[in-house]
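In what follows, every chain begins at residue 1, and chains take the letters A, B, ... in the order their sequences are listed.
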Amino acid sequence: MKMTNFFARTLREDPADADVDSHRLLVRAGYIRKVAAGVYSWLPLGQRVLRKVEQIVRDEMDSSGAQELTLPITQPLELWEKSGRDTTYGPLMFRLQDRKETGFCLAPTAEEVITWTVANELSSYRELPVNLYQINWKYRDELRPRFGLLRAREFLMKDAYSFHTDVEDLRRTYKVMYDAYHRVFDRCGLTFRPVEGEAGEIGGDVNHEFMAVAAVGEDDFVWCKSCTYAANVEVARRTIVRAAVDAGSGQAQPTKVHTPAMPGIAAVAEHLNMTQDVLLKSFAFDAGGEMGLALVPGDREVNEFALARAIAPKKLRVYDETDFAAHPELPKGYIGPHHSSVKIVVADPSIRADHGWVTGANEIDHHTTDMWCDRDFSVGVWADIATIASGDACPECGNALSVDRGIEVGQVFEIGTKYSTALGATYVDADGQTHPMVMGCYGIGISRTVAAIIEEHHDELGIAWPKSVAPFDIHLLALSGKGAAAETVKATADALYAELKAAGVDVLYDDREASPGVKFADADLIGIPVQLTVGAKGLGRGIVERKQRATGERDEIELADVVSTVR
RNA sequence: CGGGAAGUGGCGCAGUGGUAGCGCACCCGCUUUGGGAGCGGGGGGUCGGGAGUUCAAGUCUCCCCUUCCCGACCA
């Protein structure tokens, strides 16, 4: 492709509304343009990268036995009413009506449609398992789209759905998909970790999230430096190393101390000259109408996902200002676990420790020291509800855990029978009995992956694509100028371009009448892996210069050997 | 939805009540050509929208819309 004909314009300055590197560079280098918040046009450069990633995914899906199809983006709300997700997804769905006022939505995902489709086509155990996928646009009206392609409202997703007679069979496909995902993200050049994840709105039990390691990621995950344990912080566990000691009567008795205007952990710890981890944080919540307290050490936060699981099926609602106003007997900032109104006490196992705790005294401006678990307050539910910190002990091997940030680029779920039951996807077994199909689902954010790749592969000059996903293989720069050699340089570059194309090499040819500096800067910004420079300087010696974008490494190639060398 | 910031030419910005500007980009000419060239000329803007105040509004007031950042929420 000649740049004089190519629909692409680079920007000399960073766009004002792009903060993260991937967004900034995609716009500056001419890959995408914003049309609305979280909605983008993919210009030809971007389209090429999108197709590359898409093709890697398609390749791995096909070779894993999945079959591609295309499901509608416009979906009848009726199907969503059957699964109950029209209400649970709520305003996250873009909704519309046809002229007869029938309700539709733009697909945020496709469990309902695929399950309905399979229900109508298959009915025997002989026809299972089956694994179907599509690569199609998804729509979610996020409260806050941000970070360019990383959280868009319109995004390209590969979604696969498998149907089985039983969980054992599902597990086999799950593993096949899990392995395929490793290959996909390896081929995309990403540093990633599969971690245990929360099921979210899709439902189901077992699931893994594939996290591309990146500082701008929106998810924290923990991973063990010594073994394979890795999990989203929402579901992460740890081993408590502190030994429990029975308080008995030999330990100091609770003592009320005056802590004026110190509702915070930090201030109290400083006032009493203690470390924050010996203070007890009492976190008030409502569990289906009953007042509850969650207890974690003062240097930790409450993992609300874990707390919600611990009190299930009761519904968790964290206390807000309205609740505290309605319960004046609960002095915010001075709450202790021995409060008479509290019906449910959930504590992290680390609370059963070898020391007494400093807790709120349930009285404004007062705390109590030497509060021993089981002696001075009791716990109803033990659960891992404290957030994990770097250095905590791995639940599998006991060695140190690390907490990092990641971009969730893929997820694999075991769904079970939620949708097959709701939408009538059943099969008849060998004995003539009817059962709901057991389902799995597997997603990859294609457009998000494009952004994640840039987050990992860029420098101060621009993007540095891995070869596998680059929009072109070679960026050919002709530095013809208007000197004595101008005609020769131009003719040589033209000929080289034609030869490379004929040899099947995807070339972006900078044939513009621009100064060398402009061409070099644009080439580095756009980020094609190999730059070939044809100039009077090198041509005088019969060579073409080659630069590897990612490493900056340069070498020279004899003009006659260019095609055979770079092919 | 709470908190903060911002909407002026394609992009980045200046402009506190009185003739809409600058840099880049774009077009023409000449010069230049190995890391974002120089000079000269030129085109392009309902100043986010609507109401209002005023002799006069990009600028002041009110309402609305949009965008970005933090939070809540979420693949």
(request) Answer with yes or no whether A/Arg151 presents, from its side chain, a donor or acceptor under 3.5 Å of a partner atom in the base of B/C74. (result) yes
(message) For a quick check, tell me whether the side chain of A/Asp14 and the base of B/G12 share a donor-acceptor pair closer than 3.5 Å.
(response) no
(message) For the C1' atoms, the ones on B/A6 and on B/C47, what distance do you get once it is rounded to whole angstrom?
(response) 14 Å
(message) Measure CG/A/Asp522 against C1'/B/A25 and give the value in whole Å, please.
(response) 12 Å
(message) How many whole angstroms separate atom CG of A/Asp19 from atom C1' of B/C68?
(response) 8 Å
(message) I want to verify a distance call: between B/C73, B/G12, B/G34, whose nearest atom is closest to the A/Glu545 side chain?
(response) B/G34
(message) If only side-chain N and O atoms count, and only distance matters, is there a donor-acceptor pair under 3.5 Å linking A/Asn232 with A/Glu196?
(response) no
(request) Select base, sugar-phosphate, or nothing to describe what A/Ala37 touches, counting heavy atoms under 4.0 Å on all strands. (result) sugar-phosphate
(message) Quick one, A/Leu525 and A/Leu461 - any side-chain contact, counting heavy atoms below 4.5 Å?
(response) no
(request) Go through B/C11, B/G34, B/C69 for me and flag the one nearest to the A/Pro516 side chain. (result) B/G34
(message) Aromatic contact between A/Phe155 and A/Trp137, with the criterion being ring centroids under 6.0 Å apart: yes or no?
(response) no
(request) Output yes if the stacking criterion (under 5.5 Å between centres, under 30° between planes) is met for A/Phe155 over the base of B/A75, else no. (result) yes
(request) To the nearest Å, give me how far apart CG (A/Leu143) and P (B/C69) are. (result) 14 Å
(request) Measure from the side chain of A/Arg448, starting at C-beta and using heavy atoms only, and say which of B/C68, B/G35, B/A75 lies closest. (result) B/A75
(message) Any base atoms under 4.0 Å from A/Lys158, or only sugar-phosphate, or nothing? Heavy atoms, all strands.
(response) nothing
(message) What I want to check is whether the side chains of A/Ser162 and A/Tyr442 have a donor and an acceptor closer together than 3.5 Å.
(response) yes
(message) Using the C1' atom as the point on both nucleotides, what is the distance between B/C27 and B/U67, in whole Å?
(response) 32 Å
(request) Would you kindly check if the NZ (Lys) or CZ (Arg) of A/Lys332 is within the cone defined by 45 degrees around the ring axis of A/Phe324 and under 6.0 Å from the six-membered ring centre? (result) yes
(request) Report yes or no: is there a donor-acceptor pair, N or O only, under 3.5 Å between the side chain of A/Arg512 and the base of B/G36? (result) no
(message) Categorize A/Gly517 for me: base, sugar-phosphate, or nothing, with a 4.0 angstrom heavy-atom threshold over every strand shown.
(response) sugar-phosphate
(message) Any donor-acceptor pair under 3.5 Å linking the side-chain atoms of A/Asp524 with those of A/Gln531?
(response) yes
(message) Taking only the P atom of each, what is the distance from B/U8 to B/G49 in whole angstrom?
(response) 10 Å
(message) Less than 4.0 angstrom between a side-chain N/O of A/Ser515 and OP1 or OP2 of B/A37, yes or no?
(response) yes
(message) Using Watson-Crick or G-U wobble geometry with both distances under 3.5 Å, which nucleotide pairs with B/G45?
(response) none
(message) What contact category does A/Gly535 fall into here, base, sugar-phosphate, or nothing, at under 4.0 angstrom with non-hydrogen atoms?
(response) base
(message) Return the pairing partner of B/G2 with a 3.5 Å limit on both distances, Watson-Crick or G-U wobble; otherwise return none.
(response) B/C70
(message) Strictly by Watson-Crick or wobble contacts shorter than 3.5 Å, is anything paired with B/C13, and which nucleotide is it?
(response) B/G21
(message) Heavy atoms only, 4.0 Å cut-off, all strands: where does A/Arg317 land among base, sugar-phosphate and nothing?
(response) nothing
(message) Measure CG/A/Leu316 against P/B/A72 and give the value in whole Å, please.
(response) 15 Å
(message) Between B/C11 and B/G44, how far apart are the two C1' atoms, rounded to whole Å?
(response) 14 Å
(message) Taking pairing as Watson-Crick or G-U wobble with both contacts under 3.5 Å, can you name the mate of B/C30, or confirm there isn't one?
(response) B/G38
(request) Counting heavy atoms from C-beta on, name the nucleotide in B/C74, B/G36, B/U67 closest to the side chain of A/Glu142. (result) B/C74
(message) Please report the distance separating the C1' of B/G7 from the corresponding atom of B/G15, rounded so that it comes out in whole Å.
(response) 15 Å
(message) In whole Å, measure the gap between the P atoms of B/C73 and B/C24 for me.
(response) 48 Å
(message) Can you tell me if A/Trp465 has over 12 outside heavy atoms packed within less than 6.0 Å of its CH2?
(response) yes
(request) Select from A/Ala16 and A/Ala36 the residue whose nearest nucleotide in RNA chain B is closer to the 5' end of that strand. (result) A/Ala16
(message) Could you tell me how far apart A/Leu477 (CG) and B/U33 (P) are, to the nearest whole angstrom?
(response) 19 Å
(message) Is A/Arg146 close enough to B/C70 that one of its side-chain N or O atoms is under 4.0 Å from OP1 or OP2 there?
(response) yes
(request) Assign A/Gly538 to base, sugar-phosphate, or nothing according to its heavy-atom contacts below 4.0 angstrom with the strands shown. (result) base
(request) Rounded to the nearest angstrom, tell me the gap between atom CD in A/Glu13 and atom P in B/C24. (result) 10 Å
(request) Report the relative orientation of the aromatic rings in A/Phe192 and A/Phe210; use parallel for angles under 30°, tilted for 30 to 60°, perpendicular for over 60°. (result) tilted
(message) Has A/Arg317 got a side-chain atom pairing as donor or acceptor with A/Phe285's backbone, closer than 3.5 angstrom?
(response) no
(request) Round to the nearest Å and state the distance from A/Arg12 atom CZ to B/A37 atom P. (result) 6 Å
(request) With RNA chain B as reference, determine whether A/Glu304 or A/Val534 sits nearer its 5' end, using the nearest nucleotide of each. (result) A/Val534
(request) When you get a sec, tell me which of B/A75, B/A25, B/C70 is the closest nucleotide to the side chain of A/Phe147? (result) B/C70
(message) Checking contacts here: which listed nucleotide (B/U33, B/A72, B/C26) is nearest the side-chain heavy atoms of A/Lys482?
(response) B/U33
(request) Identify which nucleotide among B/G34, B/G36, B/U67 has an atom closest to any side-chain atom of A/Lys34, counting heavy atoms from C-beta outward. (result) B/U67
(request) Measure the distance from CZ on A/Phe7 to C1' on B/C26 and round it to the nearest whole Å. (result) 14 Å
(request) For A/Arg144, answer base if it contacts any base atom (sugar-phosphate contacts may also be present), sugar-phosphate if it contacts only those atoms, and nothing otherwise; contact means non-hydrogen atoms under 4.0 Å. (result) base
(request) Could you work out the separation of B/U59 and B/G48 based on their P atoms and round it to a whole Å? (result) 8 Å
(request) Could you give the distance separating B/G18 and B/A57 at their P atoms, to the nearest angstrom? (result) 11 Å
